[in-house]
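Notes follow once the structure below has been shown.
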There are 2 protein chains.
Amino acid sequence: MNKAAHKELTKNQGLVFGALTSAEGPLTAYAILDQLRDDGFRAPLQVYRALEKLLEVGLVHRLESLNAFVACSHPGCSSHHAVAFAICETCGHVSEFAPNAALADLSSWAEKAKFRPSKTTIELRGTCANCSTQSAN
Amino acid sequence: MNKAAHKELTKNQGLVFGALTSAEGPLTAYAILDQLRDDGFRAPLQVYRALEKLLEVGLVHRLESLNAFVACSHPGCSSHHAVAFAICETCGHVSEFAPNAALADLSSWAEKAKFRPSKTTIELRGTCANCSTQSAN
DNA sequence: TATACTGGTGTTATAAAGTAACGATTGTGG
DNA sequence: CCACAATCGTTACTTTATAACACCAGTATA
C-alpha cells in the first residue's frame, strides 16, 4: 500500500545519485558513466535514464551552461525546483542558492507577458571568493 | 588610424549574423551551417569561429538550454551583456528582455558571496501567451 | 625588401553530449 | 494467469563542439 511516493530509488538511480553526491563538483553524464563502470554501467543511456528520474524528483539539477549535473544541496529537498547557481570558472566550484527577489521579478515579467514558465534557469559564471583572493595575491 | 573598434564584420561573420537576424527563432550552429552551404560554408568550425566573435561583441546571444544562438534584439546593441530569455517550448519563439530587478538581486547575492560574475544566464522555458490561448481554446 | 606578427580562413579528423530503437526483465493490479 | 507500466541492457546513431595543421591577407617594423 502506502507507496513511498518519490523516495525509493532504483539501483541505477541510487548509483548515479551517489556518484553526484560524493563528487566535489558537477559531473557530466560521461564522467558519471566512467565512475560507474565497475558497477556494471556500460552505456550512456543508463546514466541519462537515471538522471532523467533524478531531475524529475528534484534530487539533481542540470547546469545548462556546463552540460553537467549536480546533486541538489538542500537537506530535505522536496520542493525546490527554482534555484540559481554560481559557477567558478577557475576552480569549478558550484554554489546553489535561492534568489527569491530575482525569481519574483522574473515571475512578474512572465505575468505581464502572459508567459507561463515551466522551468527557470539562472546561472552565474565567474570567479568565486576563494579564487579571487588567490589571484589578487 | 581610427579603426572602427567593434564594427567591421568579416565576410563569414556577416553571413552568420545575417542568417541569425533573418531567422524567425534561434538557430543551432549546424542549422546555420546548412543555410550557408551555398555561400561556401563547409565545416562547423567556420560557423563556430564566426559565432565566437559575434558573441564576444554582443551581437549574438547563446541560449544555453537550447545549444542554439539568436541575434541580439537590441537596436544599437553596444553594451548589453546581461539579458534574459523566455523560450516557448511549443512554438519555439524567444523573447529577449532585461530583468533589471532580477539582475540587481543576483548582483547583491554575488557581492555578499564575494563572487565576481563574468556572465549571467537567465532562461525561462515555458509557454508563450499565444500558445497558451491556443491550448486553452 | 624582408621578416614577423596577428587574425581570419579552409579542411580533416575527432571528441563530447545525447537519443532512437529493440528487446528482456521485473513488479503490480486485474 | 494476463496485461500493464517501469526499468533495464545493448547497439547503433545523431547532434554539438573542438583539435590540429596549413594557408593567406594585412600591417608593422627593421
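Numbers restart at 1 for each chain; the letters A, B, ... are given by sequence-line order, proteins then strands.
Contacts between residues 28-43 of chain A and DNA chain D, defined by a heavy-atom separation under 4.0 Å, are made by A/Arg42, A/Ala43.
Within 6.0 Å of the CD atom in B/Glu89, the count of heavy atoms belonging to other residues, nucleotides or ligands exceeds 12.
Straight-line distance from the CD atom of B/Glu64 to the P atom of D/dT16: 14 Å, rounded to whole Å. Note: CG (A/Leu27) to P (C/dA17) measures 11 Å, nearest angstrom. Whole-Å rounding puts the A/Lys11 NZ to C/dT25 C1' distance at 13 Å. C/dA20 atom C1' lies 13 Å from atom CD of A/Glu52, rounded to whole Å. Note: CG (A/Asn12) to P (C/dT26) measures 14 Å, nearest angstrom. Going from atom OH of B/Tyr48 over to atom P of C/dT11 covers 18 Å, rounded to whole Å. B/Gln46 has its CD atom 12 Å from the C1' atom of C/dT12, to the nearest Å. Across the protein-nucleic acid pair, B/Leu45 atom CG and D/dT16 atom P stand 16 Å apart, rounded to whole Å.
Not a single donor-acceptor pair, N or O on each side, falls under 3.5 Å between the base of C/dG7 and the side chain of B/Arg49.
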| task | For the pair B/Glu64 and B/Arg62, evaluate salt bridge (Lys or Arg N to Asp or Glu O under 4.0 Å) and give the outcome as yes or no after the intermediate values. | result | CA-CA 6 Å; B/Glu64 300 287 354; B/Arg62 180 189 168 92; 3.1 Å; yes

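Atoms CG and NE2, from A/Leu20 and A/His61 in turn, are 11.0 Å apart once rounded to the nearest 0.5 Å. Interatomic distance, OG of B/Ser65 versus CD1 of B/Ile87, reported as 3.5 Å (0.5 Å rounding). Atom CG in B/Leu59 sits 14.0 Å away from atom CZ in B/Phe69 (nearest 0.5 Å). The distance from atom SG of A/Cys128 to atom NZ of B/Lys114, rounded to the nearest 0.5 Å, is 12.5 Å.
For B/Asn67 and D/dT15, the shortest distance from a side-chain N or O to OP1 or OP2 is not below 4.0 Å. Regarding contacts with the backbone of C/dG18, a side-chain N or O of A/Arg62 is found under 4.0 angstrom from either OP1 or OP2.
Between B/Trp109 and A/Phe97, the angle of the ring planes stays under 30°, which puts this pair in the parallel group of the 30/60° scheme.
When each of B/Pro44 and A/Gln13 is assigned the nucleotide of DNA chain D with its nearest heavy atom, A/Gln13 is the one assigned upstream, toward the 5' end.
Across C/dT9, C/dA17, D/dC8, the shortest atom-to-atom separation from the side chain of B/Thr10 is found for C/dT9.
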